[in-house]
Amino acid sequence: FWIITSCTSPSENKVKVITNPNPTSDMAQLMRDMVSKLEVIKTRLEKGEELEQDMLDFALIHEQQPTEPSFMKKHVKPMSEAYAYAVESFNEKPSKSNYSAIINNCLNCHQLSCPGPVVKIKKLKFKNS
């Protein structure tokens with residue numbers, strides 16, 4: 001009769017989930033903050049809640065320190081400016097349409113330069129859009 005034992009405890013066998021794989025650069029932190037705020041706004045819009053003006057206030061993306069210098073491609077500045085315009089439009093008139101314009105700006109830029117967050121960004125879209 002044999003008894004087999006393990007030298008590891010159950011807690012040592014857990015899989016580590018990496019939530020934020022990149023170091024937290026200024027740009028990465030800004031984008032994480034954006035996602036958090038946009039998730040709240042999406043939920044409120046889906047519930048049909050009235051939103052106040054000037055809900056979003058983000059620094060310009062292209063002025064932030066990136067995780068990797070290679071992220072700063074030629075298209076980042078104009079896309080950052082387009083994103084800022086979309087945020088300004090949303091702040092003036094909070095609506096599903098203006099919210100969707102923000103999300104589409106995120107997708108367009110990330111598809112060109114840093115596709116890792118695309119799955120997360122797509123979750124910010126409204127169903128059927």
Side-chain angles (χ1 to χ4, degrees):
F1 164 157
W2 292 87
I3 296 177
I4 300 174
T5 61
S6 171
C7 295
T8 61
S9 68
S11 64
E12 292 174 7
N13 293 330
K14 290 186 179 176
V15 175
K16 184 177 180 182
V17 176
I18 300 171
T19 305
N20 296 313
N22 293 323
T24 306
S25 65
D26 294 341
M27 186 180 285
Q29 187 59 54
L30 175 66
M31 291 186 186
R32 290 175 189 150
D33 293 345
M34 289 174 184
V35 168
S36 295
K37 289 180 182 179
L38 291 167
E39 287 172 335
V40 169
I41 290 171
K42 177 186 178 208
T43 299
R44 290 185 63 190
L45 285 167
E46 288 174 330
K47 290 180 179 179
E49 293 180 18
E50 291 268 335
L51 300 179
E52 51 278 354
Q53 290 183 320
D54 299 320
M55 291 187 70
L56 300 174
D57 183 24
F58 301 121
L60 289 171
I61 296 165
H62 68 276
E63 292 180 354
Q64 305 308 301
Q65 181 65 39
T67 303
E68 293 288 329
S70 64
F71 289 171
M72 296 305 284
K73 297 180 177 152
K74 287 191 291 184
H75 69 274
V76 172
K77 183 178 181 200
M79 293 190 106
S80 167
E81 291 167 343
Y83 175 84
Y85 178 78
V87 167
E88 186 179 307
S89 295
F90 177 85
N91 279 335
E92 289 173 13
K93 186 174 188 263
S95 67
K96 282 187 173 184
S97 174
N98 285 340
Y99 169 88
S100 293
I102 292 172
I103 304 308
N104 287 333
N105 270 280
C106 298
L107 279 172
N108 290 337
C109 191
H110 276 276
Q111 288 170 335
L112 286 174
S113 60
C114 182
V118 167
V119 170
K120 187 171 191 115
I121 296 167
K122 285 183 176 181
K123 290 178 183 178
L124 293 171
K125 293 181 83 162
F126 294 115
K127 293 194 182 346
N128 303 323
S129 67

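Because only heavy atoms are used, hydrogens play no part in the values below, and waters and symmetry mates are left out as well, while side chains stay in. Start at 1 with the first residue, then count along the sequence. A quick note: this is a predicted structure, and the numbers were derived from the prediction, not measured.
- Atoms CZ and NZ, on Phe90 and Lys96 in that order, are 12.0 Å from each other to the nearest 0.5 Å.
- We find the OH-CD distance between Tyr99 and Glu46 to be 7.5 Å, quoted to the nearest 0.5 Å.
- Counting non-hydrogen atoms of other residues, nucleotides and ligands closer than 6.0 Å to NZ of Lys123 gives a total of 12 or fewer.
- Two residues are said to be in side-chain contact when any heavy atoms from C-beta on lie closer than 4.5 Å; Gln53 and Pro94 meet this criterion.
- Across Asp57 and Lys37, no two heavy atoms sit closer than the pair O-NZ, 4.5 Å.
- Minimum heavy-atom separation, Ile121 to Cys106: CG2-CB, 3.9 Å.
- For the pair Met55 and Asn91, the tightest heavy-atom approach, listed with the atom from each and the gap, is N-OD1, 3.0 Å.
- In this structure, Asp54 places its CG atom where more than 12 heavy-atom neighbours from other residues, nucleotides or ligands lie under 6.0 Å away.
- For the pair Lys42 and Ile103, the minimum side-chain heavy-atom distance is 4.5 Å or more.
- Taken to the nearest 0.5 Å, the CD atom of Gln65 stands 14.0 Å off from the CD atom of Gln29.
- Asn105 has its side chain out of reach of Tyr85: every pair of non-hydrogen atoms, C-beta onward, lies at least 4.5 Å apart.
- When side chains are defined from C-beta on, Phe71 does not count as touching Val76, because their heavy atoms never get closer than 4.5 Å.
- Distance check, rounded to the nearest 0.5 Å: OG1 of Thr43 to CG of Leu38 gives 11.0 Å.
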request  = Dump the intermediate steps for side chain to side chain contact (heavy atoms under 4.5 Å, CB included) on Leu45 and Phe126, then the final yes or no.
outcome  = CA-CA 9 Å; Leu45 285 167; Phe126 294 115; 3.8 Å; yes
*Derivation of the side chain to side chain contact (heavy atoms under 4.5 Å, CB included) call for Leu112 and Lys73*: CA-CA 9 Å; Leu112 286 174; Lys73 297 180 177 152; over 6 Å; no
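- Contact check for Met27 versus Met72: side-chain heavy atoms found under the 4.5 Å cut-off.
- From Ser113, atom OG reaches atom CG of Asn108 across 11.0 Å, with rounding to the nearest 0.5 Å.
- The OG atom of Ser80 lies 10.5 Å from the NE2 atom of His75; values are rounded to the nearest 0.5 Å.
- Met34 places none of its side-chain heavy atoms less than 4.5 Å from the side chain of Ile102.
- Annotation for Gln64 and Ala59: closest pair NE2-CB, 3.3 Å, computed over non-hydrogen atoms.
- Between Leu107 and Lys122 the shortest side-chain heavy-atom distance falls below 4.5 Å.
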Show the numbers, then the answer: is there a side chain to side chain contact (heavy atoms under 4.5 Å, CB included) between Ile61 and Met31? CA-CA 8 Å; Ile61 296 165; Met31 291 186 186; 3.5 Å; yes
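- Linking Ile, Leu, Val, Met, Phe, Trp and Tyr whenever their side-chain heavy atoms come within less than 4.5 Å puts Val35 and Val87 in one cluster.
- The heavy-atom pair separating Leu56 from Ile41 by the smallest distance is CD2-CD1, 3.4 Å.
- Closest of all the heavy-atom pairs between Ala28 and Thr67 is CB-OG1, 3.8 Å.
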